[in-house]
Amino acid sequence: MAILVTGGAGYIGSHTCVEMLNAGYEVVVIDNLDNSSSESLKRVEKITGKTVKFYKEDVRDKDALRKIFKENKIEAVIHFAGLKAVGESVREPIMYYNNNIQNTIALVEVMTEFNVKKIVFSSSATVYGEAKVVPLTEDMPTSAINPYGKTKWFIEHILSDLYNSDNEWSVALLRYFNPIGAHKSGLIGEDPKGIPNNLMPYISQVAVGKLQKLHVFGDDYNTPDGTGVRDYIHVIDLAKGHVKAVDYVLKTTGLEAINLGTGNGVSVFELRDAFVKATGVEVPFVVDPRRPGDADEVYADASKAKKLLGWTAELDVKQMCEDTWRWQSGNPNGYEQ
Ligand code: NAD
Ligand code: UD1
């Protein structure tokens with residue numbers, strides 16, 4: 001019996017493969033390597049001493065999916081595969097709808113053919129739209145303000161309609177807050193293509209000398225130090241959350257949206273300062289205007305994950321910074337040697 005991990009060669013997928021293997025699950029990965037390298041899976045094998053069966057295929061390809069379901073006894077699916085850059089999604093919306101929505105439809109159609117009705121989906125705190133109240137709870141209204149966010153929002157609805165039509169399904173919609181950090185081995189981590197959009201990869205690339213200085217997007221927010229506050233979560237905690245979610249969907253039917261966050265808000269200045277303190281490396285910065293669409297404060301109420309999955313985040317910001325730096329400094333060009 002195996003778990004199919006779509007997008008398993010990517011940042012969160014590779015860390016989740018490690019934790020799934022450590023928990024004793026057999027793992028099969030499908031990834032088209034559009035935003036990743038198969039080297040990450042070799043390193044997953046090195047870390048765990050276990051093998052990962054890998055198919056370099058596109059999840060939109062139903063015949064490729066059928067082959068995987070025929071060749072393996074799949075019990076459940078963790079669905080990471082998708083495009084995730086907000087700015088790119090505004091420039092290329094159809095590419096985002098084509099990939100993220102089509103691949104999910106192809107996946108659940110083939111899952112239905114093979115009577116596999118257990119799925120853990122990578123949603124995002126982005127589905128809370130422009131919510132102004134923190135902490136965010138799962139029962140708050142959802143919406144989306146850019147094509148990337150809309151794909152997550154639509155897919156939540158697609159899976160919800162699917163469950164309503166057939167109550168044998170078990171669906172976990174995991175709403176991630178801000179994943180950062182890397183495996184403590186320094187062998188796998190986040191490897192963004194081009195200039196990073198997100199804060200932590202930007203900080204670490206400044207620290208390693210690939211970028212000159214951090215641009216802080218606004219210091220006039222309604223927060224204690226004026227910079228944006230987010231809920232940064234260590235990718236290993238996030239990965240462990242997936243193990244718990246798989247355990248959960250395997251023994252239940254139903255549909256649940258679940259926040260995966262720490263419940264703690266950390267500002268841009270606080271994260272930068274923590275990184276400098278943890279690594280001893282300077283990160284020069286300049287304050288720029290706000291980035292359109294950014295909220296003052298976004299952090300989770302993480303109590304549902306604790307109650308339902310028995311999961312809470314354990315690693316702190318210091319560990320997130322130390323582990324990011326171990327990966328970044330040991331692999332300045334990511335998986336490219
Ligand atoms: P990632 O880009 O590192 O991983 C996604 C993987 O999916 C990549 O390896 C890519 O090659 C693969 N992929 C994309 N389209 C595919 C397709 N059609 N067929 C097969 N493989 C395909 O991204 P990540 O940071 O690991 O994110 C994983 C998931 O979590 C994504 O769905 C993302 O939207 C979601 N998410 C990420 C964050 C974050 O901050 N990283 C936050 C919230 C939600
Ligand atoms: C971004 C995405 C969101 C996605 C999330 C996790 C946007 C508008 N939103 O959210 O959809 O779900 O990542 O992948 O892109 N910051 C800087 N300088 C930088 C980068 C960021 O000051 O170079 C600030 C931002 O203004 C924000 C904080 O750092 O206050 C975190 O930004 P980021 O890492 O991009 O995450 P989110 O904005 O939470």
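Counting starts at 1 for both ligands and their atoms, in listed order. Note that the coordinates shown come from a computational prediction; the quantities given were computed from them, not determined experimentally.
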Begin with the C-alpha distance, continue with both residues' side-chain angles, and end with the deciding distance and a verdict on side-chain hydrogen bond (donor to acceptor under 3.5 Å, both in side chains) for Ser267 and Asp225.
-> CA-CA 7 Å; Ser267 76; Asp225 67 18; 2.6 Å; yes

Verify the ring-centre separation between Trp327 and Tyr335: is it less than 6.0 angstrom?
->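 Yes - the distance between ring centres of Tyr335 and Trp327 falls below the 6.0 Å cut-off.
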
Any donor-acceptor pair under 3.5 Å from Asn103 side chain to Arg60 backbone |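 No: the side chain of Asn103 does not pair with the backbone of Arg60.
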
Short side-chain to backbone donor-acceptor contact, Lys210 and Gln205, under 3.5 Å =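 Answer holds: no.
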
Could you establish whether Arg175 and ligand 1 come within less than 4.0 Å of each other, counting only heavy atoms on the residue side?
->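 Contact absent.
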
From Asp34, Thr16, Asn99, Ile30 - option closest to atom 15 (N) of ligand 1 by heavy atom |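 Heavy atom nearest to atom 15 (N) of ligand 1 belongs to Asn99.
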
Shortest reach to atom 43 (C) of ligand 1 by a heavy atom, considering only Tyr176, Tyr232, Phe80 =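 Selected option, by shortest heavy-atom distance: Tyr176.
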
Atoms in ligand 1 flagged as close to [X], the criterion being non-hydrogen separation under 4.0 Å:
| X | value |
| --- | --- |
| Ser124 | 43 (C), 44 (C) |
| Leu33 | 11 (O) |
| Asn103 | 18 (N) |
| Asp31 | 6 (C), 7 (O), 8 (C), 9 (O), 10 (C), 11 (O), 12 (C), 20 (C), 21 (N) |
| Ser122 | 29 (C), 30 (O), 32 (O), 35 (C) |

Within the supplied structure, the quantity of interest is the number of heavy atoms (other residues, nucleotides, ligands) at a distance under 6.0 Å from [X] [atom1]; does it exceed 12?
| X | atom1 | value |
| --- | --- | --- |
| Glu282 | CD | yes |
| Lys307 | NZ | no |
| Lys244 | NZ | no |

Derivation of the ring pair (Phe, Tyr, Trp, His ring centres under 6.0 Å) call for Tyr11 and Phe80 | CA-CA 10 Å; Tyr11 171 47; Phe80 291 110; over 10 Å; no

If we set the cut-off at 4.0 Å for heavy atoms, which region of [X] has an atom near ligand 1: side chain, backbone, both, or neither?
| X | result |
| --- | --- |
| Ser123 | backbone |
| Asn198 | neither |
| Glu57 | backbone |

Give me the residue, atom name and distance of the protein heavy atom closest to [atom].
| atom | answer |
| --- | --- |
| atom 1 (P) of ligand 1 | Asn35 ND2, 3.8 Å |
| atom 21 (N) of ligand 1 | Asn32 N, 3.1 Å |
| atom 19 (N) of ligand 1 | Val59 N, 2.9 Å |
| atom 4 (O) of ligand 1 | Gly10 CA, 3.5 Å |
| atom 25 (O) of ligand 1 | Lys84 NZ, 2.8 Å |
| atom 5 (C) of ligand 1 | Gly82 O, 3.9 Å |
| atom 37 (C) of ligand 1 | Ile12 CD1, 3.7 Å |
| atom 3 (O) of ligand 1 | Tyr11 N, 2.8 Å |

Please determine, by modelled atom types, if [X] and [Y] share a side-chain donor-acceptor pair under 3.5 angstrom.
| X | Y | answer |
| --- | --- | --- |
| His79 | Ser122 | no |
| His234 | Asp323 | yes |
| Tyr55 | Asn72 | yes |
| Glu75 | Tyr25 | no |

Let me know which of Glu113, Glu109, Glu71 forms a side chain to side chain donor-acceptor pair (under 3.5 Å) with Arg66.
->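 Going through the options one by one, the only one that passes is Glu113.
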
For ligand 1 and [X], I'd like to know whether there is a polar contact (N/O to N/O, distance under 3.5 Å).
| X | result |
| --- | --- |
| Tyr148 | yes |
| Phe177 | no |
| Ala9 | no |
| Asp58 | yes |

Side chain proximity check, Ile258 to Leu173, heavy atoms < 4.5 angstrom |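 Heavy-atom side-chain distance check fails, nothing below 4.5 Å.
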
Between ligand 2 and the protein, find all N/O pairs closer than 3.5 Å and give the distance for each.
unit_1	atom_1	unit_2	atom_2	d
ligand 2	12 (O)	Ser124	OG	3.0
ligand 2	13 (O)	Asn198	ND2	3.0
ligand 2	18 (N)	His215	O	2.7
ligand 2	22 (O)	His215	O	3.4
ligand 2	22 (O)	Phe217	N	2.8
ligand 2	26 (O)	Asp294	OD2	2.6
ligand 2	32 (O)	Arg291	NH2	3.4
ligand 2	34 (O)	Asn198	ND2	3.4
ligand 2	34 (O)	Leu199	N	2.8
ligand 2	35 (O)	Asn198	ND2	2.9
ligand 2	35 (O)	Arg291	NH1	3.3
ligand 2	35 (O)	Arg291	NH2	2.8
ligand 2	36 (O)	Asn178	ND2	3.1
ligand 2	38 (O)	Arg291	NH2	2.8
ligand 2	39 (O)	Asn178	ND2	2.9
ligand 2	39 (O)	Arg230	NE	2.7

For the ring pair (Phe, Tyr, Trp, His ring centres under 6.0 Å) test, which of Tyr176, Trp311, Tyr248 pairs with His242?
->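 Considering Tyr176, Trp311, Tyr248, a ring pair (Phe, Tyr, Trp, His ring centres under 6.0 Å) with His242 is found only for Tyr176.
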
First locate atom OG1 of Thr262, then atom CG of Leu238, and finally report the distance between them rounded to the nearest 0.5 Å.
->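 Going from OG1 on Thr262 over to CG on Leu238, the span is 11.5 Å.
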
Is it possible for you to check whether Arg230 lies under 6.0 Å from the centre of the six-membered ring of Phe177, through NZ or CZ, and within 45° of that ring's axis?
->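 Geometry flag: not set, cation outside 6.0 Å or 45°.
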
